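Predicted model, so just to flag it, every value in this text is computed and none were measured.
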Amino acid sequence: MAETGEEEKVSAEASGFSDLSDSEFLDLEDAQGSDALLSKPGPSSELSGNDGKPLSLQKRKRGLDISSPLERFHFKYLCVTDLSAQNWCEQQMVYGKELPDFLAPEKAAVLDTGASIHLARELEVHDLVTVPITTTEDAWAIKFLNILSMIPTLQSEGCIREFPVFGEVEGVLLVGVIDELHYTVKGELELAELKTRRRPTLPLEGQKKKDCFQVSLYKFIFDAMVQGKVTPASLIHHTKLCPEKPLGPSVLTHAQQGGIFVKCLGDLMELVFLALTLSDLPVIDILKIEYIHQETATVLGTEIIAFEEKEMRDRVRHYLAYWMGHREPQGVDVEEAWKCRTCNYTDICEWRKGSWVLSNTLEPRAKKNK
DNA sequence: ATTGCTAAAGGG
């Protein structure tokens with residue numbers, strides 16, 4: 001690596017994250033606090049119908065019954081790709097969350113290949129180092145340190161990859177990673193999303209729509225970040241992070257190696273906020289998606305997306321309405337039933353059953369559509 | 001490909 005080009009990206013080790021779920025985590029001093037949060041309040045079990053009123057009504061009064069999917073899954077935030085999965089098929093996304101290891105066999109290879117190609121490209125612009133961590137605060141700290149190192153790189157060298165984004169949208173925290181950001185020869189900030197494909201074919205409309213939504217959402221969140229609309233307070237509120245908790249020694253070491261001297265997450269968040277808002281970062285000018293063939297790396301197609309904020313926001317609102325429990329999940333429309341062909345949940349899909357019954361009972365009589 | 005009281009993205 002060239003001297004000026006030598007970039008070091010700090011990345012949290014997978015095993016570090018898995019430590020979080022170990023018993024070790026519960027053995028910490030905070031354990032009592034966490035247990036208290038996790039255990040259900042006593043009255044909930046006693047509610048089981050003792051007077052004449054419907055159970056749901058009783059619970060409703062105490063606000064116990066109405067747990068939104070967000071709460072039921074215990075999600076503090078959603079990934080951008082969760083929402084773009086909803087764009088593909090919301091019902092499928094929900095099954096994916098409910099039945100995690102229901103997933104497929106040979107699809108894995110395609111995903112794996114895609115991931116490898118992305119990793120190889122990431123390594124073109126910076127090295128990866130592993131930082132062992134034990135807490136959620138540490139995990140976020142690594143993300144923030146990465147941002148702090150990437151902003152100056154973008155401004156001086158013009159290209160960064162895997163840039164973390166996050167921000168509250170419609171009251172929900174969304175988290176994602178932008179594939180690539182770079183300045184064009186004209187000096188415009190361009191987001192470039194790479195999509196690798198198993199077969200050397202152009203994506204269908206449904207695929208394009210989903211990818212288009214994904215990058216639009218990235219821009220929306222990124223723009224909000226550089227405009228100072230994403231505050232440390234909002235992040236802390238959603239993630240329930242403790243800003244004063246001291247960071248782990250390995251994280252502190254890596255911060256210092258990068259010239260960052262902080263003691264806790266709160267300090268780091270303030271630095272990130274300042275870096276984002278005071279580095280003359282523009283909003284994203286161009287959204288580009290490139291489809292390439294996995295095997296040959298042939299460019300299959302390039303899309304320049306027109307950012308339509310209102311449409312995107314309406315869509316986000318619609319998707320989040322499911323997560324907040326304002327509506328039931330939906331499957332695909334009849335014209336997109338071809339998506340079911342590659343879905344693992346077709347056999348159990350309630351949405352499909354519903355529409356099959358409908359079309360079966362209505363179609364034979366009236367030849368018209370429904 | 002799972003994995004998760006959270007790594008997000010990975011492709012169709």
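Summarising the geometry, the separation between CG on Leu99(A) and P on dT3(B) is reported as 14 Å, rounded to the nearest angstrom. Regarding Ile289(A), its CD1 atom lies at a distance of 12 Å from the P atom of dG11(B), rounded to whole Å. Across the protein-nucleic acid pair, Lys76(A) atom NZ and dT3(B) atom P stand 20 Å apart, rounded to whole Å. Computed from coordinates, the Asp211(A) CG to dG12(B) P distance equals 9 Å when rounded to whole Å. The separation between His118(A) atom NE2 and dA8(B) atom C1' is 12 Å, rounded to whole Å. Asn344(A) places its CG atom 16 Å from the P atom of dG11(B), with the value rounded to the nearest Å. If you measure from atom CD of Glu122(A) to atom P of dA8(B), you get 14 Å, rounded to the nearest angstrom. Regarding Asn87(A), its CG atom lies at a distance of 16 Å from the P atom of dG12(B), rounded to whole Å.
The C1' atoms of dC5(B) and dG11(B) are separated by 28 Å, rounded to the nearest whole Å. Taking atom P in both dA7(B) and dG12(B), one finds a spacing of 26 Å when rounded to whole Å.
Residue Thr196(A) is classed as a sugar-phosphate contact, given heavy-atom separations below 4.0 Å to backbone atoms only. No contact: Asp82(A) has no heavy atom under 4.0 Å from any strand. Across all strands shown, Tyr218(A) has heavy atoms under 4.0 Å from sugar-phosphate atoms exclusively, and none from any base. Backbone-only contact: Gln214(A) has heavy atoms under 4.0 Å from sugar-phosphate atoms and none from a base. Within the 4.0 angstrom heavy-atom criterion, no nucleotide atom of any strand lies near Lys339(A).
Relative to the side chain of Leu111(A), the nucleotides dG12(B), dA8(B), dG11(B) differ in distance, and dG11(B) lies closest. When distances are taken from the side chain of Arg197(A) to each of dG4(B), dT6(B), dG12(B), the shortest belongs to dG12(B). With dA8(B), dT6(B), dG11(B) as the choices, the nucleotide that has an atom nearest any side-chain atom of Val175(A) turns out to be dA8(B). In the set dA8(B), dT6(B), dG11(B), dA8(B) carries the atom at the smallest distance from any side-chain atom of Thr81(A).
Every salt bridge (charged side-chain N to carboxylate O under 4.0 Å, His left out) that Lys310(A) has, sequence neighbours left out, goes to Asp314(A).
Checked by atom type and distance alone, the side chain of Glu71(A) pairs as donor or acceptor with a backbone atom of Ser68(A) at under 3.5 Å.
Per the stacking criterion (ring centres < 5.5 Å, plane angle < 30°), Phe75(A) does not stack onto the base of dC5(B).
A donor-acceptor contact under 3.5 Å links the side chain of Lys210(A) to the base of dG12(B). For Gln92(A) and dG12(B), a side-chain-to-base donor-acceptor distance below 3.5 Å is present, hydrogens and geometry of angles not being considered.
Contact annotation: the side chain of Glu106(A) never approaches that of Arg198(A) to less than 4.5 Å [non-hydrogen atoms, C-beta and beyond]. Side-chain contact between Glu336(A) and Trp88(A) is absent, with no heavy atoms from C-beta onward closer than 4.5 Å.
Closest approach of Lys339(A) and Asn87(A) over heavy atoms only: NZ-O, 4.0 Å.
Taking only side-chain nitrogens and oxygens, Lys97(A) never comes nearer than 4.0 Å to OP1 or OP2 of dT6(B). For dA8(B), one of the phosphate oxygens OP1 or OP2 lies less than 4.0 angstrom from a side-chain nitrogen or oxygen of Tyr77(A).
Ring centroid separation for the pair Phe163(A) and Tyr218(A) does not come in under the 6.0 Å cut-off.
Remark on DNA chain B: of its neighbouring residues Thr342(A) and Val165(A), the 5'-side contact belongs to Val165(A), judged by nearest-heavy-atom nucleotide.
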